[in-house]
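Worksheet: the structure to be examined is printed underneath.
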Amino acid sequence: MPELPEVETIKNDLEPLVVGRKFTEVTVDDDTVVQKPSVEEFGHGLVGRRVVGLGRRGKFLILRLDNGRVLMVHLRMTGNLLATEACRRLPKELATARVRAVFRFDDGSTLSFIDRRRMGRMWLAADQEEVVGKLGPEPLAADFTVDVLAGLMARHRAPIKAVLCDQGIIAGVGNMYADEALFESRIHPLTPAADLSRAKVKRLYSAIQGILTTAITNRGASVDTYFRPDGNRGAAHYQFKVAHRLNENCPACGGPIERIRVRGRGTYFCPKCQRTG
DNA sequence: CCCGGAACCTGAAGGC
DNA sequence: TGCCTTCAGGTTCCGG
């Protein structure tokens, strides 16, 4: 599932492919993917516009246009953006996926929006804020300090796992990286966020930054249908210590990794290393 | 306001 | 072999 490191990777990979390019044609095969204006306005608003830069906010990908407007993309769970050649030869995990929309550029290249589960969304908007709404701080930004994290945690009594995944509290962390960060800081996923000691908040802070930074270096995690725009996989999932490793051995104590449900989401952790309370 | 749970969606996987 | 059920999780919505 695309979380912050996956979207950041897609942004980095797309930069040399689309910055400076002008949209010459926009084809939408599934109207539900266009969330913000009508499908007609979406296409008309893009054709003739040039991409001047890319950005990311939480799990949103941002394409900045030469008229100041923005094309926003959220891949949700199974969305993919594939370049011309990658789309021609879909990876077998995507073979049954459907093309929801295709962007054509002035150099003849294309960018295809593939989404098996049809939950990904796109917006054409005047600015990014009207799309992202109420999002928490960027965990890799310079002003995201231990004190900021401590302040956020103190306000919530929900399980720390749920709090980490709440985009309104911290932007970009999802199910996989929340599990990894909690293991790294040896915190039980059901611990009420407000109960974390200062020492644990400090460990969690370092873990979040380390886990996300390493995952970006490894080009994201291909646990399901995530592929980079060139069709290649990421390698971050090879570094996972607990996420999606049910019954495998904990790298710290050797005991079996367990899986529970927190807020309806599969949560992997080591019950020996991550104690309650 | 805070928290938990259901719904959305569709291909894969497992049971019988 | 095939039908049926369950599962996956980012986000939104609803109820307590």
Side-chain angles (χ1 to χ4, degrees), chain A residues 1-10 29-36 56-62 72-81 90-101 113-123 128 130-136 138-139 151-182 189-196 212 215 220-227 236-237 240 242-247 257-269:
Chain A
M1 325 302 147
E3 300 181 24
L4 185 155
E6 287 73 31
V7 181
E8 182 73 13
T9 299
I10 291 168
D29 298 317
D30 178 356
D31 290 4
T32 64
V33 304
V34 178
Q35 182 82 13
K36 225 178 89 142
R56 178 193 59 73
R57 176 78 171 96
K59 301 173 189 173
F60 289 86
L61 177 70
I62 305 162
M72 306 281 292
V73 181
H74 198 303
L75 300 169
R76 291 281 179 89
M77 283 143 50
T78 54
N80 274 274
L81 284 170
L90 284 173
K92 65 172 184 290
E93 288 84 348
L94 295 180
T96 53
R98 301 213 190 121
V99 176
R100 306 295 176 190
F113 186 98
I114 313 283
D115 191 359
R116 177 178 283 175
R117 243 169 274 178
R118 286 181 71 200
M119 286 181 160
R121 293 290 181 269
M122 297 189 286
W123 297 255
Q128 65 183 68
E130 77 180 60
V131 175
V132 303
K134 180 191 166 299
L135 267 190
E138 285 291 323
L152 293 169
M153 296 300 101
R155 261 180 266 157
H156 303 277
R157 291 210 57 79
I160 180 64
K161 168 66 185 286
V163 170
L164 288 181
C165 292
D166 187 331
Q167 301 303 292
I169 301 173
I170 298 173
V173 177
N175 209 39
M176 305 181 296
Y177 295 108
D179 283 356
E180 287 301 302
L182 289 174
L190 290 176
T191 310
D195 287 355
L196 293 179
L212 295 178
S222 291
V223 295
D224 193 4
T225 58
Y226 162 75
F227 286 86
H237 51 296
F240 283 176
V242 293
H244 295 96
R245 295 200 182 281
L246 178 63
N247 291 330
I257 302 301
E258 288 188 8
R259 181 175 173 276
I260 59 175
R261 260 175 196 287
V262 181
R263 279 284 240 286
R265 297 295 172 250
T267 298
Y268 301 84
F269 73 112

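Fair warning: this is a prediction, and the values are worked out from it, not measured in the lab. Throughout, a chain's letter reflects where its sequence line sits, starting with A, and its residues are numbered from 1.
The CG-P distance, from A:Asp115 to C:dG10, rounds to 14 Å in whole Å. For the pair A:Asp224 CG and C:dC7 P, the computed distance is 16 Å after rounding to whole Å. The distance between atom CE of A:Met1 and atom P of C:dC7, rounded to the nearest whole Å, is 15 Å. Here C:dG10 presents its P atom at 12 Å from CG of A:Asp166, a figure rounded to the nearest Å. Rounding to whole angstrom units, CD1 of residue A:Ile260 and P of C:dG9 are separated by 13 Å. Computed from coordinates, the A:Gln35 CD to C:dG10 P distance equals 18 Å when rounded to whole Å. Atom pair A:Leu164:CG and C:dG10:C1' shows a separation of 15 Å (rounding to whole Å applied).
Between A:Ala178 and A:Leu164, the shortest heavy-atom distance links the atoms CB-CB, 4.1 Å. Smallest separation of non-hydrogen atoms from A:Lys59 and A:Pro2: CD-O, 3.9 Å.
When the local axes at the two ends of the helix from B:dC2-C:dG16 to B:dC16-C:dG2 are compared, using 5 base pairs at each end, they differ in direction by 60° after rounding to 10°.
Residues meeting the ring-ring contact (aromatic ring centres under 6.0 Å, His included) test with A:His156, sequence neighbours left out: none. With sequence neighbours excluded, the residues that form a side chain to side chain contact (heavy atoms under 4.5 Å, CB included) with A:Glu258 are A:Phe269, A:Pro271.
Annotation: side chain of A:Arg118 is not in contact with side chain of A:Thr78 (no heavy-atom distance under 4.5 Å). At a threshold of 4.5 Å between non-hydrogen side-chain atoms, the residues A:Phe240 and A:Tyr268 do not count as touching.
Under 4.0 angstrom from either OP1 or OP2 of C:dG10 there lies no side-chain N or O belonging to A:Gln167.
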In the 5'-to-3' direction, what one-character label does each nucleotide of nucleotides 8-13 of chain B receive under the scheme B = base within less than 4.0 Å of a protein heavy atom, S = sugar-phosphate only, - = no such atom?
BBBSS-
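Within the 3.5 Å criterion, the main-chain N or O of A:Glu93 finds a donor-acceptor partner in the side chain of A:Arg116.
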Please list, pair by pair, any protein nitrogen or oxygen found under 3.5 Å from a nitrogen or oxygen in nucleotides 14-16 of chain C.
none

What pairs of nitrogen or oxygen atoms, one from the protein and one from nucleotides 1-3 of chain B, lie under 3.5 Å apart?
unit_1 : atom_1 : unit_2   : atom_2 : d
B:dC3  : OP1    : A:Arg157 : N      : 2.3
B:dC3  : OP1    : A:Ala158 : N      : 3.1
B:dC3  : OP2    : A:His156 : ND1    : 3.2

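For the residue pair A:Tyr226 and A:Glu3, no side-chain donor N or O sits within less than 3.5 Å of a side-chain acceptor on the partner.
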